[in-house]
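One structure is given below, encoded as structure tokens.
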Amino acid sequence: MSTTTEAANSSTGAPVRCQRIGCDAVFTDDNNPEGSCQYHPSPLFHDGMKEWSCCKQRSHDFSLFLAIPGCTSGKHTTEKPVTKAVSASRPKATPIQSSKQGVGADACPRCRQGFFCSDHGSQPKVQKPAVTEDTSKEPVEKSSVPPPKKRIDINEPRTCKNKGCGKSYKEKDNHDSACDYHPGPAVFHDRMRGWKCCNVHVKEFDEFMEIPPCTKGWHNADAV
């Protein structure tokens, strides 16, 4: 639904979805008091870190980043926020030395933190020498008792935590094509945002949020 259509529906009393980042609630003009909307004014992406510049809350994981509660309150709106590119002073980039010169993925800060790096993504991982165990220590027996299974009410409404989904569902209606999502991971590099799974990258945050999911599967309320 376009913003113009949502604004027209809101004026006629039909429920519409709030366009503020971090809210996503449904509202009407008759039920939109001051303080009903909890949102974030602006995001910031820098060196693999996702941060809400408004409240300085940050996370490396994109799902946890989107789950941070809004820090600002106001009225719901159908107007999309204008996200501005945040300029940050950067030192001049030094040319990446080849692995033959002793500098490669092991010395790259992005690779060492476990993030996707376009400079070393195609390089094979260096096999670390196997650690020999001390045979003098007594072996510790692993517990053979499996963890207790979680009981789920098939009629209980649950929220899917697959990236790009976030829909409410019931387990009785769940099936192998019920969920549209991104397997991931989300990639943030050189002011570009995108998904590695479908190789789609954009510059603006609101464009990134509107990239359509590329995979179908089961809803999952316990996704990591």
Side-chain angles (χ1 to χ4, degrees), residues 1-10 14-27 37-46 48-53 58-70 76-86 110 114-118 121-122 157-224:
M1 183 183 293
S2 64
T3 304
T4 304
T5 306
E6 288 177 342
N9 289 342
S10 178
V16 292
R17 191 171 296 279
C18 180
Q19 296 298 311
R20 294 192 191 274
I21 301 174
C23 179
D24 202 39
V26 175
F27 73 101
C37 179
Q38 297 291 128
Y39 67 99
H40 292 287
S42 59
L44 172 66
F45 303 97
H46 183 64
M49 176 64 71
K50 298 89 175 168
E51 177 182 335
W52 294 114
S53 57
R58 58 179 61 184
S59 175
H60 284 292
D61 184 87
F62 186 67
S63 299
L64 297 177
F65 172 70
L66 290 180
I68 296 174
H76 297 298
T77 179
T78 57
E79 295 183 4
K80 288 189 176 182
V82 179
T83 56
K84 298 180 180 180
V86 180
R110 289 182 63 81
F115 296 112
F116 173 75
C117 176
S118 59
S122 61
R158 311 185 80 201
T159 301
C160 180
K161 294 184 180 179
N162 285 337
K163 297 179 177 68
C165 180
K167 294 180 180 178
S168 177
Y169 72 99
K170 294 181 180 179
E171 199 61 45
K172 69 175 183 178
D173 301 322
N174 200 4
H175 53 84
D176 59 358
S177 60
C179 178
D180 294 300
Y181 70 103
H182 288 288
V187 179
F188 302 91
H189 187 64
D190 291 340
R191 301 190 184 282
M192 296 296 289
R193 298 107 170 147
W195 294 100
K196 185 181 178 183
C197 47
C198 51
N199 197 27
V200 178
H201 300 81
V202 295
K203 290 185 178 180
E204 300 298 331
F205 181 75
D206 55 348
E207 293 177 348
F208 168 74
M209 295 295 293
E210 293 179 359
I211 296 176
C214 61
T215 305
K216 286 185 175 292
W218 294 78
H219 286 303
N220 187 0
D222 302 312
V224 179

Within the structure provided, determine whether Phe27 and Val16 are in side-chain contact (heavy-atom separation under 4.5 Å).
yes
Return the minimal non-hydrogen interatomic distance between Tyr169 and Thr159, and the atom names on each side.
CE2-C, 4.0 Å
Look at the side chain of His182 and the backbone N and O of Gly184, then say whether any donor-acceptor pair between them is shorter than 3.5 Å.
no
Close side-chain approach of Ile21 to Phe205, heavy-atom, < 4.5 Å:
yes
Would you find a donor on one side and an acceptor on the other, under 3.5 Å apart, between the side chain of His40 and the backbone of Arg20?
no
Rounding to 0.5 Å, atoms CZ (Arg193) and NE2 (His201) come to a distance of 12.0 Å
Residues passing the salt bridge (Lys or Arg N to Asp or Glu O under 4.0 Å) test with Arg158, sequence neighbours excluded, are Glu171, Asp222
I'd like to check Val200 versus Trp195 (side-chain heavy atoms, cut-off strictly below 4.5 Å). Are they in contact?
no
Rounded at 0.5 Å granularity, tell me how far SG in Cys165 sits from CG in Asn220.
10.0 Å
Atom pairs and distances, donor-acceptor, side-chain atoms in residues 208-217, under 3.5 Å, two or more places apart:
| unit_1 | atom_1 | unit_2 | atom_2 | d |
| --- | --- | --- | --- | --- |
| Glu210 | OE2 | Lys80 | NZ | 2.1 |
| Lys216 | NZ | Asp180 | OD1 | 2.8 |

Which pair of non-hydrogen atoms, one from Asn162 and one from Cys179, has the smallest distance, and what is that distance?
ND2-SG, 3.4 Å
Hey, does the side chain of His219 reach the backbone of Lys167 with a donor-acceptor pair shorter than 3.5 angstrom?
no
Considering non-hydrogen atoms only, spot the tightest contact between Ala25 and His76 and give its length.
CB-CE1, 3.8 Å
Closest non-hydrogen atoms of Gly70 and Gln38, given as atom of the first, atom of the second and distance, are O-NE2, 3.5 Å
